Amino acid sequence: MDNSLPPYLERLNDRQREAVLAINGPVSVLAGAGSGKTAVLTTRTYHLIRKGIPAEKILAVTFTNKAAREMRERIARMLDVHEGRDRRPGAYGLPFIATFHGLGRELLETYGSIMGIPRHFCVYDRDDSKSAIRKALKELEVDPKEISPAAILARISKAKSEGMTLPEFREKFGRESFRTRIVAEAWTKYEETLKKEKALDFDDLIMLPVRLLERHEDVRELVQKRFTYLHIDEYQDTSVLQGRLVQLMAGEKQNLFVVADVDQAIYTWRNATIENLLSFSETYPGTKTIILEHNYRSTKTIVEAANQIIQINQNRNKDKRSVTNNPDGERITIHAAGNAEEEASWVAREVSRSSFPLEEVAILYRTNAQSRALEEAFLHAQIPYRLLGTRFFDRKEVKDVLAWARLVLEPDREADRIRAVQSPSRGIGKVTLGKITAGRIEELRPSDRAKVESFEKVVRELGDAAETLPPSAFLKLVIEKSGMETALLKEGEEGQDRLENIKELGALASRHDETPGRDGISAFLADSALASDQDEMDRPLEAKKKGVTLMTVHAAKGLEFDMVFVTGLEEGLFPHENMAEEERDEEEERRLFYVAVTRAKKRLVLTLARIRRVYGTDFFSEPSQFLRDIDPSLVSFLEADEYEDVIQI
DNA sequence: GCCGCGTCCGTTTTT
DNA sequence: CGGACGCGGC
């Protein structure tokens, strides 16, 4: 008998190998930062296939689209499968690799008809949901100033992601207070809008599949048979409902493999709960737990600093501590700048002085607002950069095109009609539109009627074209026929940029060109709703850019760079001072700092500004308490006298 | 119906 | 400070 290991297993350490080889039954892997958990997930998937498990029986759920795509590419390479343009998660006989939302979408598209879910639904993003709520408030004659649409949406979203239905919410909170009554009323209207527009929101993409599997045993069995091996990444950041979905899918076999790090739980504000992880072995008796604490990523200095930071948290597994065989490396640099602009230009200067390739440098910050000063500094220093998180899909012109496309597929979508009719503006406004929706078409002036008819004609023509055209050609036609192209060309330089953005959208759509007609277009639309602005691969132009990466700490999760700058280390900013007392969570902020620090492989630089501008006014800021958590022996200051000043012993 | 101007508000973090 | 929204004049 041949006892030698295949090369892909030899590369792993004992614990990692144990994780890969634990094929049946529930397994939880508690992995520290930089411990090679991605390698474990990928290798395990590959190993299962080598063992004869059909690839399409394996489901892997990742946290981001980017992680999904990378894993899919890696496995395709290992299996020597050449992926074509088909972007569906399970294409080419590969495992089904997607985010929870991508999985939910697949389940609803495939099995949702039994619950009356339309075949072509569109997905509402946060802004869509917000305007739907705003509309609901208007109908209810509630002043949005009294209760903000955002707050209502947050409450609805929380209820939904806990698995609570609208009637249950009414029952429980309907009489509690004025506030909750408004929430219940707005929720009712909101659901009506969703239904009318054949739309689902992000929470629906999880909630409805759960309901589907709970209520329909036949579907549950079908799904359990379809996926016999389940891999879940970042399990500490799953919600109650996502946990339940996993459980429903795992079924009796429970060939369930989850990877998690409690110290990197940074999404509780998005209704993630570490309860799923803490109760894992109770939910799944016979769980095998494997701890990966060896860090392959960072220098000893960085690993040691990370340990010092995270061990201050009370709410964690105190035995878990990262170790590394890597060299000590350089000390951590702390720099205090005068204000945000000086901080930014100092960072830019340090980047150009360093010898790391620009692709190996990341600039991290707590809030998106901080990116502006940094962007300007990099522009000024002529250092190429990529800015993640500029909400591409939030841009007006992009939303306009998507609205047009959605309207063409589903002429009942009121919100999209209002948007489309105004882009470009064609002399039809709210009043005219209101008359149409109310069915009072005869009241229209002849000139208005002509305008409306020509608009509707364009929509119809595009509708016909949508039946056969590949998505990218369809989009091109939309841009032309809607009149957007002509209008933008008239606008000069800014219009050119906008046209560029729209064309980028066309490039995205071409990924679905192998599925022409409504199916492909609708898949593209769902893609863009689920696409993340944090993922440069979702944007062809952004992906081509090379350079330093600017992003929030949240967006940096899972990534690694030779040199990492963590900026804005000031009290109130990082840790962030929350408005709502009850939401303040110092330990989560510290975990976030831990995530930031552990992104660095070789050099870590922490910066702050003594004066920070908030809403246009300057404030003095105190250095972040987090800076004091790192032992001085690991730190070097550029100016010696800065030390006591910043650390404030 | 459109556009310009004034006011008000916000900022965590995002699939 | 800057984006979103509303009001009022054209």
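Side chains included, hydrogens not; waters and symmetry mates left out as well; all remaining heavy atoms used. Order of the sequence lines fixes the chain letters, A, B, ..., with proteins taken first and strands second; residue numbering starts at 1 for each chain. Please read these numbers as outputs of a predicted model, since none were measured by experiment.
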Once you apply a heavy-atom cut-off of 4.0 Å, does A:Phe63 come out as touching a base, just sugar-phosphate, or nothing? sugar-phosphate

Electrostatic pair A:Lys160:A:Asp201 at N-O distance under 4.0 angstrom: yes

Using the P atom as the point on both nucleotides, what is the distance between B:dT13 and C:dA4, in whole Å? 15 Å

Select base, sugar-phosphate, or nothing to describe what A:Arg134 touches, counting heavy atoms under 4.0 Å on all strands. sugar-phosphate

Rounding to an integer number of Å, can you tell me how far A:Leu208 CG sits from B:dT15 P? 21 Å

Quick check: on DNA chain B, is the nucleotide nearest A:Arg126 upstream (toward 5') of the one nearest A:Lys130, or the reverse? Name the residue that is more 5'. A:Lys130

Does the side chain of A:Val597 reach to within under 4.5 Å of the side chain of A:Tyr594, using non-hydrogen atoms? no

Is A:Thr617 near enough to C:dC1 that one of its side-chain N or O atoms lies under 4.0 angstrom from OP1 or OP2? no

With A:Leu241, which of A:Ile206, A:Asn271, A:Val246 fulfils side-chain contact (heavy atoms from CB on, under 4.5 Å)? A:Ile206

Rounded to whole angstrom units, what separation is found between the NE2 atom of A:His576 and the P atom of B:dT11? 10 Å

Interatomic distance, A:Lys557 NZ vs B:dT15 C1' [rounded to whole Å]: 11 Å

Give the nucleotide from the list C:dC1, B:dT13, C:dG2 with an atom nearest to the side chain of A:Tyr615. C:dC1

A:Lys399 NZ/CZ over A:Phe393 ring centroid, <6.0 Å and within 45° of normal: no

Rounded to the nearest angstrom, tell me the gap between atom NZ in A:Lys160 and atom P in B:dT14. 21 Å

For the pair A:Glu456 and A:Arg449, find out whether any cationic side-chain nitrogen is under 4.0 Å from an anionic carboxylate oxygen. no

If the plane angle is over 60° it's perpendicular, under 30° parallel, otherwise tilted; pick one for A:His101 and A:Phe202. perpendicular

Atom-to-atom span, CG of A:Leu388 to P of B:dT14 - whole angstrom: 10 Å

For the side chain of A:Thr367, counting heavy atoms from C-beta on, which of B:dT13, C:dG2, B:dT15 is nearest? B:dT13

Paired with A:Thr549, the side-chain contact (heavy atoms from CB on, under 4.5 Å) test is passed by just one of A:Val361, A:Val564, A:Leu388, namely A:Leu388

A:Lys135 NZ to C:dC5 P: how many Å, rounded? 15 Å

Ranking B:dT15, B:dT11, B:dT14 by distance to the side chain of A:His554, first place goes to B:dT14

Taken to the nearest whole Å, CD/A:Gln370 to P/B:dG10 is 20 Å

To the nearest angstrom, how far is A:Phe619 atom CZ from B:dT11 atom P? 17 Å

Proximal nucleotide (of B:dT14, B:dT15, C:dG3) relative to the A:His101 side chain: B:dT15

Could you tell me whether a side-chain N or O of A:Asn339 sits under 3.5 Å from a main-chain N or O of A:Glu341, the two making a donor and an acceptor? yes

Extract from the structure each pairing of a protein N or O with an N or O of nucleotides 2-6 of chain B at less than 3.5 Å, listing the distance.
residue : atom : partner  : partner atom : Å
B:dC2   : OP1  : A:Gly427 : N            : 3.1

Would you say a side-chain N or O of A:Asn368 is under 4.0 Å from OP1 or OP2 of B:dT13? yes

